[in-house]
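Everything on this sheet refers to the single structure shown next.
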Amino acid sequence: MSAKSQAALTLSKVTKNFGLAEIIRSVDLDIPAGERHAIIGPNGAGKSTLFNLISGAFPPTSGEILIDGQSVGGTPPYQINRRGLSRSFQVTNIFHNMSVYENIRCATLWALGHRYVFWRSIAGLRDVSARSEEILELIGLAPVRNSPAGLLSYADQRALEIGVTIAGGAKVILLDEPTAGMSAHETERAVNLIRKVTEGRTLIIVEHDMSVVFGLADRISVLVYGQIIASGPPAQIRADKKVKEAYLGEEAV
Amino acid sequence: MLEVSQLHAFYGKSHILQGVDISIGGGEVVSLLGRNGVGRSTTVKAIMGEVAPRGSIRFKGWEIAGLPSHRIARLGIGYVPEHRDIFPDLTVRQNLMLGMKDARAEGRWTIQGSLDMFPNLAARAEAPAGVLSGGEKQMLTMCRTMMGDPDLVMIDEPTEGLAPLIVRQVGELIVEIARRGVAILLVEQKLSIALDISHRVYVMGHGRIVFEGTPADLKANEAVRKEWLEV
Amino acid sequence: METIVFSTLNGVLYGLLLFMLASGLTLIFSMMGVLNFAHASFYMLGAYVAFTLGSVTGFWVALILAPLVVGLFGAVVERFGLRHVHKNGHVAELLFTFGIAYLIEEIVKLIWGKNPLPYTPPPILQQPLFTLWGTHYPAFRIFMMVVAIAMFVALWALLKRTRVGLIVQASLSNPHMVGHLGHNVPLVFMGVFAVGCAMAGLAGVIGGALLVTDPAMALTLGPIVFVVVVVGGMGSLGGAFVASILIGLIQTFAVAVDASLSDLLARFGILVSNRSDLGRITLAQVAPMLPFLILVLVLIFRPRGLMGARES
Amino acid sequence: MTGASTFKTLLIWLGFAVLLIVLPMVFASRTSLTLMNIIGVWVVFALAYNMLLGQSGMLSFGHAVYFGLGGYAAIHMMAAIKSQRLGIPVAALPVVGFMAGMAAGAVIGWFSCRRSGTPFAMISLGVGELIAASGLMFVSIFGGEEGVSGDRSAGPEWFGFSLGPQINVYYFIAFWVFAATLAMWAFTKTPLGRLANAVRDNPDRVAFIGYDPQRVRYLVFLISGGFAGLAGSLSAVNFEIITPEKLGALNSGAVLLMAYIGGAAVFFGPIIGAVLISLMQSMLSDFTKVWQLYLGLLFVVVVMFAPYGIGGIVAQVLNAVRKGELAEKLPGWLMGALGAIVAFGGAIMAIEMAYRVREGGRPFTAFGSAFPHTALSSWAIAAGLIALGLAIVVVAVRWRRRGSLGAALRLKEVAP
Amino acid sequence: QAGPVRIAYIDPLSGFMAPVGDGGLKQFEFECERINAAGGVAGGRKLEVVGLDNKLNPQESIVQLEKAIDQGIRYVAQGNGSSVASALVDAIEKHNARNPRQAVMYLNYAAVDPMFTNDKCSFWHFRFDADSDMKMSALTDYIKGLPDLKRIYIIGQDYSFGKAVADAAVKMLGTKRPDIQIVGNELHPLARVRDFSPYITKMRAAGAQAVITGNWGNDMQLLIKASSDAGFNVPYFTYYGGGLGAVAGMGKSAVGLVRQITEWHANIPDIGMDDIVRSFKAKHRELDYYYYRVKVMFDMLSKAMNDTKSVEPRDVALALEGMEIKIETGMASMRKDNHQLIQPLYISTLSENVKFDVDNTGLGFKTDIRIDGPATSMASTCQMRRPGA
Ligand SMILES: Nc1ncnc2c1ncn2[C@@H]1O[C@H](COP(=O)(O)OP(=O)(O)OP(=O)(O)O)[C@@H](O)[C@H]1O
Ligand SMILES: Nc1ncnc2c1ncn2[C@@H]1O[C@H](COP(=O)(O)OP(=O)(O)OP(=O)(O)O)[C@@H](O)[C@H]1O
Ligand SMILES: CC(C)C[C@H](N)C(=O)O
Ligand SMILES: [Mg+2]
Ligand SMILES: [Mg+2]
């Protein structure tokens, strides 16, 4: 277990029950810093639940979650975020009545050290403006910067979702089905975007689009019924018989 | 059975549908293809009365444009929306019960039958539907709509966000629906499924129908695919 | 003993009156998600309409007719008001009913004037049903209890046993979808609101005769009814019932017990001079604020209320 | 912010200051001074309230608590200034009010801000009732039914500025209104102000960008409580009395009404609401006994047809002007307004006549002709006006929806 | 210059206590018309009453006072609630000090907390009703003569007047009838209680043989109603048992039990008030002529204005000080040292077969005893500060 020292994220024996239902069953996962890791699995396997546990949306029933070797199990989401872990949501989760620019700007504040400040004008915070502009360029939403986020097209909202997730500059990024509902073209754009924005960071992504998964991931874990049944580089997963049975089906992509 | 002609629709000022013509015969499976944002969902919503339509929509000979949705549904059109609008606080079983138009009106579909078909749902029959995973929700939505025993169902992007295996299951369910004599209007991104199970396809672009034909026609027509579907 | 028996009777009576109001509010809230601020105003309307009708038709006919009239009025409010506000969200709905409450009060003043009405129960019900330790217990009070319990049973059946209940609950999260499944959502909403208002009206027919019928009657009871509904657990009929009785009893006993706050605190070892404000306050004085204290505590420590299923 | 817009902002504030200075010269009568003082208090209170409602999405039914406590702090301080001969000028009391409101917010917000949505609203209602009721019990602090009185002319004067004469009270209030408005406006431009918006929109997401939404709510609550307290202290100085009633539901309801009618979605909305409703309260009551009915009617109409309040309408018009769409939209708007006026006219007539049915009095007179309530024709006219007005409104709405007046007039919509 | 002399009537015209305020206003208007019909004041000027709604709230009263002053009104009348009176006394003192040329005079016709003519007395304030101590003194004198009475319950509204009544009762009973046990001394919130039955239960449990209460308005009406509903038939010694709606609430069962202490009631024989009572009734079916002291007040006010030929509050106030006039029940005099009117008082009991009934119930009050004015007078701690003196 010497790898632990450099692991960006470690899950050990993480379990989650909802009432009597065991949704996550003793999951162990080690994700080294800088890796792009995909989690795939059938619907209802518990992928989003796993994200919820990692990001602090709710505490695990048992087991431990470590970020950079430090335990975070049971701490609220904002503290986990402050530790440098940020996530996106399967269902778009942005600030609908605020402009695109404000969405991004709010997401940069904490990381740049501007906490609960109410004595300085936000417009006067140079670093915030600079970072927000940068992100806006990156996600390609600069042209619609002033429209309320709720009025954006679906694809743009998904891009904004990613933008909000990465704006704080977190070291570990969790993306939950970032390309769901996108056309092939948009998916391609999104993948490029993801590739760009997670440069040098640790990425964990949940996806059903196998072209995305296989194109992006360094390593893949397969979650079935709350258990990781396989974990390894793409080629190995593609060849795995159990995985085929449980997830990919015979004529896999 | 369904005859849509010169259908227009607006969101505020933006003119989304600019004269859509579609027709579907009894028991026919028809796909509506097109890029994101061309207005396929809007078409379906307009037929269902969720978006105010202009133009003519005839179903079984009646003009239904402008009717409230519940009357349209009662005439025999089922609708499976894009975003899996299950009722999160109700149990799976209650969701299914609500699909029925009257308390004892089970037709070609029964609650038990649906649960049998999807063991995942059966296991959670008494759980609030809100906790289902994305795929389970999709199944539930489709089954729920079928409980109303429609003669035509419009299914909007049923495979979005589904694992490959489940996508297959959905495909099978659609085939099963068709087998029982229900006409289907399928809105899909995943070309392979759509082309496999449809009798006819429409391709939409810029708020209009730009192509109409059999799947084979479409496969043969590279130009349309390049220009309107980008595959 | 005497005090205990009568306080219990009075408490249960008051509790049941609260419940008559809370039940309609619960119905509307659990089905439509609307926290109807105007609920107590429909209660007031019930009393006024019953008084006016009753002067022509007599009490018994008014007992039936007045709730119907109020229900009809409720239907109109829903059809031409609330329905259009719905799309603007819950805050807007709440504010709308807030405005309606205000309007109803003003309209009542306009039509019936500002003074209390001489609205009393019919003579047969005014006779004492029994006399305990020399205190009469008027038949009307017992009559009221019977009506309240009947309401509880009827509503329970409506909520739990009918599809209407399901449809409305589903419409809460997604009315469009329910419509797509072939259910006439607006009609059902209107019906539910009307029934809820009619129930408030019925409570008014009885409550007005029992207590006072004046334009302030809505304002005095309204907040307490909210307390009941929230404490019981929003949307829970059983909770509303328990909370009504609980608050009825607590308030009545607080008045009945002759103790000051300093006595009470002394029990816990806290000594307060009985010359200070705190020491002088008697439990009876605190009685009106107890429900609110309970409200705040419940919301802090158990936000879903005594028997509520979910938060908010 | 660009240079031009900074300049424009500056100009607006300058204009506001000048307006405040000039107002009493234009409206110099005692009556208007009294009224303007009251309006000033409400402006600050409504803006403070809107920090919660409009900016953070927190619906409170008990904000009068902070207003009242601020007022009590100020009045007790006033008494202390008089009896202890403290060297604090009365003109500085709003600082005391602010701190009191903030302290109260700190205590109450500590538990109430853990909840949001309806539970928060209900807690605020409960706390409001509780504090208002204690107001009657703790006589030594709140003075019981009779409240606590003070004397603003005590204490040292700043630069010979005494608070005796009414005009001085006006400038005292105007100064604080300006300062508070500016401060609250500036608040919206700070990181916390923006986060408040974020919490309003989607509190769950806020937690995933590093902020504790409860903490954000709590801080806004504190600050809002402070400004409410400031408003309370202005009221205390103005009236030299404060009663437990001011802690209670009526006051909380009034400020909610103002903020909402004025428009919670825009910063200046509550100002409009405060001015309008105060004016209605004091002027309308001279014309009609049932002015509260009109106020209620106005509120309901706004909730139904203008969910963003009057401020929202103003913003919409300004927007149209900016985009050059005014010419296109104006006819529809004017028509809607016309319909509303006609319908309201009918309603006024009906209400006034109904009032006379009970109370008697001289017949309702409008445009020189009297409409006796005993004549059926008067009622028919009233009903006709209401129907006509509503019809005009309906057509105006359809006009906007269907694009052309012709289409709007057609009964059933058909294919173009 | 010759416009009407306006009097602002600041009392509750909306809310729980609106009926009382409304009734008072009607009588003010009635007296006003009487004076005007008799030629007005100060050389033919008319009097006019302007009703202003204070919602029974002291602060709102200040707002209304401001409003009155803004309109140029120089006379303010108020009665419902010593809480309001206290605020008005303060505010008027301050206003008059700051604006001596616009001084305002305060005519108090019912707020009877003794402090307004003692520690808190003011040159601008005149009270035309006997204060609560004067009334309690009369009541307790009467109770002194009822040896069977051993257990008394005191209930009142929770504010200065209610407390003043309770304190006075405890103190005076303590000296006059030390054998009487006070089995309950209760304050309930003002204008908020809807159902008094819990209180009745308590009284009965305490074994009360009689009740003393200063309740008024709806609080009186509901208290008595709950009492008779429960069949709790004990004597009530009240200040306002004949007030609007109270008798209607209690009904027949209260005959012989409810007593009140007032400056007048309609069934005092042969004092020449019958026509006035009848003409008021003719005008307001649902009301009774109740505030005799308002008549006295108007008589004294118009006399002062006529005598001085001035409507300037300061002149009128000086003329009122020490004024003595003959009234139907005897003599009335305004004490100079504290501005308290001294007039005869009556204790009366609710009875059947009366000439003038109350609330159209067929029941009315009959005199038990009459107390002569001077006998009601009490020592005062007032240190009157007169302007310019
Ligand atoms: N709060 C909850 N209470 C009870 N059960 C839950 C809850 N949340 C999730 N579940 C259950 O846990 C299982 C896993 O759900 P999850 O959303 O994690 O699946 P997923 O792998 O993300 O699926 P998908 O790919 O369809 O999004 C599902 O069966 C769901 O019903
Ligand atoms: N509620 C709305 N308000 C305004 N514009 C909308 C709304 N819903 C959709 N649109 C816009 O209408 C256009 C058509 O939308 P529609 O949902 O019909 O597209 P679609 O073909 O179904 O695409 P998708 O693949 O995204 O589902 C899009 O440009 C979209 O941005
Ligand atoms: C109107 C009155 C009954 C008022 C009461 N006596 C008081 O002094 O407060
Ligand atoms: Mg998921
Ligand atoms: Mg779509």
Side-chain angles (χ1 to χ4, degrees), chain D residues 29-35 37-38 41 68 71 75 129 132-137 139 142-154 162-166 168-169 232 235-236 238-248 250-251 278 281-283 285-286 289-293 359-360, chain E residues 13-15 17 22 26 50-73 80-95 97-99 102 111 113 115-116 120 157-163 187-192 283-284:
Chain D
S29 74
R30 238 196 100 87
T31 316
S32 39
L33 281 182
T34 312
L35 186 56
N37 287 349
I38 294 178
V41 174
I75 210 109
E129 295 281 345
S134 346
L136 293 176
M137 262 173 242
V139 180
F142 299 108
E145 289 284 345
E146 45 265 51
V148 180
S149 299
D151 183 355
R152 65 178 174 229
S153 48
S162 98
L163 276 170
Q166 223 189 357
N168 289 10
V169 177
S235 163
N238 185 36
F239 294 120
E240 304 180 275
I241 182 174
I242 181 139
T243 54
E245 213 104 337
K246 289 288 127 182
L247 299 156
L250 272 171
N251 208 19
S278 310
Q281 257 172 9
S282 85
M283 317 252 265
S285 55
D286 293 343
K289 287 266 163 42
V290 284
W291 65 273
Q292 294 180 64
L293 185 52
E359 306 285 329
Chain E
L13 300 177
S14 69
M17 292 297 191
D22 227 37
K26 299 262 160 59
V50 180
L52 295 172
D53 180 14
N54 70 359
K55 307 184 173 78
L56 195 63
N57 173 333
Q59 181 166 341
E60 185 61 27
S61 307
I62 304 303
V63 175
Q64 298 306 325
L65 172 68
E66 283 286 332
K67 202 161 159 179
I69 295 173
D70 288 347
Q71 292 174 17
I73 297 178
N80 288 291
S82 297
S83 45
V84 170
S86 158
L88 282 179
V89 168
D90 278 345
I92 289 173
E93 273 285 329
K94 275 179 287 198
H95 171 84
R98 287 173 201 157
N99 308 278
Q102 288 172 26
D113 186 322
M115 73 180 163
F116 305 127
K120 206 173 173 171
Q157 296 149 319
D158 190 2
Y159 77 110
S160 67
F161 161 68
K163 286 176 197 159
L187 293 173
H188 65 79
L190 173 65
R192 279 181 191 83
K283 232 176 150 165
H284 302 288

Derivation of the side chain to side chain contact (heavy atoms under 4.5 Å, CB included) call for D/Val139 and E/Lys163: CA-CA 12 Å; D/Val139 180; E/Lys163 286 176 197 159; 3.7 Å; yes

Contacting region of D/Leu35 [heavy-atom separation from chain E under 4.5 Å]: neither

Any side-chain heavy-atom pair of E/Asp90 and D/Ile241 under 4.5 Å: no

Nearest-0.5 Å distance that lies between atom CG in D/Asn238 and atom CD1 in E/Ile62: 11.0 Å

Straight-line distance of E/Gln71 CD to D/Thr31 OG1, nearest 0.5 Å: 7.5 Å

Part of D/Ser153 within contact of chain E (heavy atom distance under 4.5 Å): both

E/Ser86 versus chain D, the contacting section by heavy-atom distance below 4.5 Å: side chain

Pairwise distance CD1(D/Ile38) to CD(E/Glu66) - rounded to 0.5 angstrom: 7.5 Å

Spacing of OG belonging to E/Ser82 relative to CD belonging to D/Glu146, to within rounding of 0.5 Å: 8.0 Å

E/Lys94 side chain vs D/Gly150 backbone, donor-acceptor pair below 3.5 Å: yes

Heavy-atom side-chain proximity of E/Gln59 to D/Lys246 below 4.5 angstrom: yes

Atom pair CZ/CG of D/Arg30 and E/Asn99 - distance to nearest 0.5 Å: 5.5 Å

Best-contacting candidate, E/Asp158, E/Ile69, E/Leu13, against chain D by heavy atom pairs under 4.5 angstrom: E/Ile69

Region of E/Gln64 in contact with chain D, defined by heavy-atom distances below 4.5 Å: neither

Presence of salt bridge, E/Arg98 and D/Glu240, under 4.0 angstrom: yes

